[in-house]
Asker: 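I have a structure I would like to understand better, so I am pasting it below and will then ask my questions one at a time.
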Amino acid sequence: MTVPSVLDLEHVSFSYPGASSAILEDVSLSVQPGEFLGIVGPNGGGKTTLLKLILGLLEPSSGRVRVNGRNPALARRQIGYVPQTATFLRDFPICVQEAVLLGRLGRTRLLGGYTAHDRRIAQQAMEKTEMLTLRRQPLGNLSGGQLQRALIARALASEPEVLILDEPTANIDLRGERDIFDLLKALQAEQTIIVVSHDIAFISKYVTRVACLNRTLICHSTEAATSAVIEQLYGKSVHVIRHAH
Amino acid sequence: MSDFLQALPNHTFLQNALLAGILASIGCGMMGTYVVVKRIGFLAGGIAHAVLGGMGIAYYFGRSPVGGALGAALLAALIIGWVNLRGQEHEDTLIAALWSLGMAIGILFISQTPGYNVDLMSYLFGNILMVPRADLFLMSGVDAVIVLSVLLFRKQFVAVAFDEEFAEVRGVSVTFFYLLLLCLVALTVVLLIQVVGLILVIALLTLPAAIAAQYVRSVGRMMWVAMGLGAMFTTMGLAFSYEPNLPAGPSIILLAGATYLLSTLVTAIRRR
């Protein structure tokens with residue numbers, strides 16, 4: 001491995017203050033440039049916590065997280081982050097273009113408004129996600145799939161080295177889900193992508209590698225998930241793979 | 001109304017009152033917009049009432065009540081903001097505590113002030129007709145601070161109001177900008193107390209922006225519309241209350257509240 005990793009987790013453990021047991025235990029993971037990594041696992045398995053550690057929003061109880069070899073709190077401007085859609089108010093008065101421009105924060109000047117350069121980058125991000133025609137629409141008017149595209153455009157406007165998505169298709173129908181993953185597949189040529197999902201069957205068709213997380217990193221395989229692995233991850237009683245949690 | 005227009009050129013106190021209303025509407029339009037989109041109206045109400053503590057103390061020591069109001073407003077904003085960011089205490093309980101604590105302190109100090117001739121009613125309900133010229137300069141200064149801050153940090157303010165987590169990930173110091181935002185809200189509250197008094201402040205702070213939100217869909221445009229509405233409410237309220245000799249503050253709020261209710265009704269019908 002001569003290529004430097006985009007992301008390195010070394011024996012990372014984390015427990016929330018006051019919690020009796022750890023939510024993550026001894027997780028080691030390394031992501032190379034150009035990878036499309038899927039992190040799957042049951043709800044409550046620590047997926048979102050892992051993302052927050054990578055983003056530097058939480059500090060590991062033990063172990064070390066490195067983004068491009070640096071502390072995440074310093075390096076997180078190089079991450080394009082697509083949160084679960086529930087983190088903001090849907091009726092906030094903001095249009096697609098303005099929301100996408102927020103991705104320029106950390107890349108643009110501190111004072112005053114956005115520059116012409118910022119607007120160009122935002123425009124390119126909206127082109128890639130096919131949101132350009134909807135750029136004047138209020139965010140609250142968008143469908144689930146359109147909103148997700150707007151949030152991906154916002155993350156792309158950060159000119160990230162790695163794109164991280166938390167359950168990007170949680171509120172979208174099956175067709176919208178396929179569209180989003182086709183888009184991500186196209187974006188993979190330009191950047192490393194990490195996507196968190198509870199839907200192992202679906203994402204294994206798209207990703208280059210799957211990491212299965214349930215408190216510890218159970219598997220770490222380059223092949224598509226086998227039924228043995230799924231059993232280990234979700235328990236033996238699981239027969240139907242989709243939405244088994 | 002015509003009496004007001006005739007009296008306006010001849011009476012300095014009316015001109016001052018008019019100017020005070022316009023100055024207040026600048027801060028009210030800008031910060032009221034953030035208060036509405038961030039949904040911190042109750043928090044602003046807490047700051048407004050806690051201000052009486054500072055006014056009472058300043059009055060007791062023979063200082064300018066406005067200075068005391070500024071100090072108390074900023075202190076209340078920082079306490080509420082800091083506790084809110086740490087997320088360890090119930091925010092609404094804390095706001096309620098500061099709300100009543102501030103008022104209790106204020107009343108106690110005013111009651112112990114020798115002479116006790118202060119018009120408590122003018123603190124509570126405002127007295128725009130008595131705004132001294134010095135306060136107009138202070139109001140202009142407060143407006144300048146608000147306008148400058150918004151011009152410089154409008155990207156960060158929108159980011160923090162819209163999506164705190166994303167702002168943090170983009171390297172925006174959410175703590176700093178949230179506290180700055182609350183301090184500016186505190187300044188605005190003191191600005192508006194000059195016009196409508198501390199009890200009615202929340203209405204003037206939130207109603208123009210809330211009406212604006214029913215018609216425009218961006219933070220910037222909300223600010224312009226809210227500023228215009230604020231100026232209209234203060235001017236019209238002043239004009240309508242002049243001839244029948246009604247108190248100006250409640251007249252302004254009555255106008256703003258009635259417009260808001262009417263607008264809400266119209267919006268509801270339009271969306272059906």
Side-chain angles (χ1 to χ4, degrees), chain A residues 17-18 48 51-52 54-58 67 72-115 118 136-141 151 154-155 157-158 160 164 166, chain B residues 29-30 32-41 85-88 147-177 180 208-226 264 267 271:
Chain A
T48 299
L51 285 195
K52 289 190 169 167
I54 295 170
L55 293 166
L57 297 173
L58 294 172
V67 176
L74 300 171
R76 65 181 167 210
R77 292 179 195 200
Q78 289 151 3
I79 297 175
Y81 175 50
V82 183
Q84 291 197 32
T85 51
T87 59
F88 53 81
L89 302 166
R90 282 299 296 267
D91 63 353
F92 193 94
I94 191 166
C95 69
V96 170
Q97 181 166 261
E98 282 176 89
V100 170
L101 277 167
L102 289 177
R104 295 303 297 158
L105 288 164
R107 292 280 188 193
T108 185
R109 60 184 181 183
L110 178 68
L111 305 176
Y114 297 102
T115 63
D118 293 329
R136 303 231 180 272
Q137 281 293 314
L139 223 50
N141 288 5
L151 295 184
R154 180 177 71 165
S158 311
I164 296 183
D166 191 0
Chain B
M30 287 192 147
T33 296
Y34 291 123
V35 169
V36 167
V37 298
K38 185 91 180 134
R39 301 189 179 173
I40 49 172
L85 284 168
R86 287 171 55 97
Q88 306 222 321
V147 171
L148 195 66
S149 305
V150 171
L151 283 179
L152 290 179
F153 298 122
R154 57 186 188 270
K155 299 193 301 286
Q156 288 86 349
F157 285 151
V158 168
V160 169
F162 174 55
D163 190 345
E164 280 184 22
E165 188 187 58
F166 187 80
E168 188 81 49
V169 171
R170 290 314 307 153
V172 174
S173 171
V174 171
T175 305
F176 175 78
F177 284 105
L180 179 62
I211 297 169
Q214 293 171 341
Y215 299 95
V216 295
R217 285 281 170 170
S218 93
V219 166
R221 261 169 281 166
M222 263 179 80
M223 286 182 177
W224 285 110
V225 175
T264 304
T267 308
R271 286 185 186 159

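Order of the sequence lines fixes the chain letters, A, B, ..., with proteins taken first and strands second; residue numbering starts at 1 for each chain.
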Asker: Around atom CZ of A:R109, are there more than 12 heavy atoms from other residues, nucleotides or ligands closer than 6.0 Å?
Answerer: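 Check passes, neighbour count above 12.
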
Asker: Kindly give the heavy-atom pair with the smallest separation between A:E98 and B:S218, and that separation in Å.
Answerer: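 Reported closest heavy-atom pair: OE2-CB, 3.6 Å.
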
Asker: Where does B:V172 contact chain A at under 4.5 Å (heavy atoms): side chain, backbone, both or neither?
Answerer: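 The answer is the side chain of B:V172.
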
Asker: Measure B:A159 against the heavy atoms of chain A and call it side chain, backbone, both or neither at under 4.5 Å.
Answerer: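 Both backbone and side chain.
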
Asker: So, for A:P93 and B:M222, which heavy atoms are closest and what is the spacing to 0.1 Å?
Answerer: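 Smallest interatomic distance, heavy atoms only, reads CG-SD, 3.6 Å.
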
Asker: Quick check on the interface: out of A:G103, A:G80, A:P72, A:C95, who has the most heavy-atom pairs with chain B under 4.5 Å?
Answerer: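 Among the listed options, the one with the most contacts to chain B is A:G103.
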
Asker: Considering only NZ, NE, NH1 and NH2 on the basic side and carboxylate oxygens on the acidic side, decide whether A:R154 and B:D163 come within less than 4.0 Å.
Answerer: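 Salt bridge flag = yes for B:D163 with A:R154.
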
Asker: Taking side-chain contact (heavy atoms from CB on, under 4.5 Å) as the criterion, tell me which of A:T108, A:L102, A:L101, A:D118 meets it with B:K155.
Answerer: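 Per the side-chain contact (heavy atoms from CB on, under 4.5 Å) rule, the option paired with B:K155 is A:T108, out of A:T108, A:L102, A:L101, A:D118.
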
Asker: Where do A:L89 and B:V37 come nearest, in terms of heavy atoms and distance?
Answerer: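 For A:L89 versus B:V37, the nearest heavy atoms are CD1-O, 3.8 Å.
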
Asker: Can you tell which part of B:A167 gets under 4.5 Å to a heavy atom of chain A, answering side chain, backbone, both or neither?
Answerer: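 It is neither, since no heavy atom gets under 4.5 Å.
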
Asker: Short question: side chain of B:R170, backbone of A:L105 - any donor-acceptor pair under 3.5 Å?
Answerer: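 Judged by distance alone, yes, a pair lies under 3.5 Å.
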
Asker: Describe, in one word, how the ring planes of B:F166 and A:Y81 are oriented to each other, choosing from parallel (under 30°), tilted (30 to 60°) and perpendicular (over 60°).
Answerer: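 Geometry flag for A:Y81 against B:F166: parallel rings.
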
Asker: For the residue pair A:D91 and B:R217, what are the closest heavy atoms and their distance?
Answerer: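 Reported closest heavy-atom pair: O-NH1, 4.0 Å.
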
Asker: If every non-hydrogen atom of A:L111 is compared with every non-hydrogen atom of B:F153, which pair is closest and at what distance?
Answerer: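 Heavy-atom minimum between the residues: CD2-CE2, 3.4 Å.
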
Asker: Given a strict heavy-atom distance threshold of 4.5 Å, which part of A:L110 is in contact with chain B: side chain, backbone, both, or neither?
Answerer: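 Backbone plus side chain of A:L110, per the 4.5 Å heavy-atom cut-off to chain B.
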
Asker: Write down the atom of B:E168, the atom of A:R76, and the distance for their closest heavy-atom approach.
Answerer: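 Distance-wise, the nearest heavy atoms are O-NE, 3.2 Å.
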
Asker: Identify which of A:P138, A:G106, A:G113 forms the greatest number of heavy-atom pairs closer than 4.5 Å to chain B.
Answerer: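 Looking at each of A:P138, A:G106, A:G113 in turn, A:G113 comes out on top.
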
Asker: Taking side chain as everything from C-beta outward and backbone as N, CA, C, O, which of these in A:L57 sits under 4.5 Å from a heavy atom of chain B? Side chain, backbone, both or neither.
Answerer: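 Just the side chain, heavy atoms under 4.5 Å.
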
Asker: Which bit of B:L151 is near chain A, if near means a heavy-atom gap under 4.5 Å: side chain, backbone, both or neither?
Answerer: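 Backbone of B:L151 only, per the 4.5 Å heavy-atom cut-off to chain A.
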
Asker: Is it the side chain or the backbone of B:R221 that comes within 4.5 Å of chain A heavy atoms, both, or neither?
Answerer: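 The answer is neither part of B:R221.
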
Asker: For B:E165 and A:K52, what are the C-alpha separation, side-chain angles and deciding distance, and is it a side chain to side chain contact (heavy atoms under 4.5 Å, CB included)?
Answerer: CA-CA 10 Å; B:E165 188 187 58; A:K52 289 190 169 167; 3.4 Å; yes

